[in-house]
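Data first, discussion second: the structure below is written as structure tokens.
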Amino acid sequence: MTGYRIHVWFDPDGPDRGEPAHDDGVVVLPVIPVPGMELRDAAGQIAVIRRVVLFAAPGPDGAVAAVVCEAGA
């Protein structure tokens, strides 16, 4: 699949609460994500994107953006 390399951070209890977010690595998505989009991990768990940061230039891992997700419904 071609697409955009996105660096994913997961915050299980939501932004600015409790435990800090942890790095979940890089995924390839067909579109640049926006807040409110849902992602499903390899285990089938749903996460909702809460923050998106676009990079001015691709990072060392080729990522063009970073997202912070929290547990979905």
Side-chain angles (χ1 to χ4, degrees):
M1 167 170 69
T2 61
Y4 302 97
R5 293 178 60 83
I6 308 297
H7 201 76
V8 177
W9 288 78
F10 183 71
D11 194 352
D13 52 5
D16 304 323
R17 289 182 281 175
E19 296 297 316
H22 63 270
D23 185 356
D24 262 4
V26 175
V27 298
V28 176
L29 298 176
V31 297
I32 295 288
V34 296
M37 270 180 72
E38 294 180 343
L39 293 176
R40 187 177 302 268
D41 67 11
Q45 298 296 315
I46 294 176
V48 178
I49 296 172
R50 293 296 177 214
R51 292 185 181 151
V52 178
V53 178
L54 299 176
F55 301 152
D61 54 10
V64 296
V67 297
V68 177
C69 301
E70 68 180 25

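No hydrogens, no waters, no symmetry mates; every other heavy atom, side chains included, goes into these values.
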Listed partners of Phe10 passing side-chain contact (heavy atoms from CB on, under 4.5 Å), at least two apart = Pro12, His22, Asp24, Ala47, Cys69, Ala71
side-chain contact (heavy atoms from CB on, under 4.5 Å) partners of Val26, counting only residues at least two apart | Arg5, His7, Asp61
Take Leu39 and Leu29 through the test side-chain contact (heavy atoms from CB on, under 4.5 Å) and record every step on the way to the result.
-> CA-CA 10 Å; Leu39 293 176; Leu29 298 176; 3.9 Å; yes
Mind checking the [atom1]-[atom2] spacing from [X] to [Y]? Nearest 0.5 Å is all I need.
{"X": "Glu70", "Y": "Ile46", "atom1": "CD", "atom2": "CD1", "value": "13.0 Å"}
{"X": "Glu38", "Y": "Gln45", "atom1": "CD", "atom2": "CD", "value": "12.5 Å"}
{"X": "Ile32", "Y": "Met37", "atom1": "CD1", "atom2": "CE", "value": "10.0 Å"}

How is the hydrophobic cluster of Phe55 composed, in terms of its other members, when Ile, Leu, Val, Met, Phe, Trp and Tyr link through side-chain heavy atoms under 4.5 Å apart, directly or indirectly?
-> Val53
Kindly indicate whether the side chain of Val64, heavy atoms from C-beta on, has any atom under 4.5 Å from the side chain of Ile6.
-> yes
Looking only at heavy atoms, the pair that brings Val67 and Pro33 closest together is CG1-CG, 3.5 Å
State, to 0.1 Å, how close Tyr4 and Val31 come at their nearest heavy-atom pair, and which atoms those are.
-> CD1-C, 3.7 Å
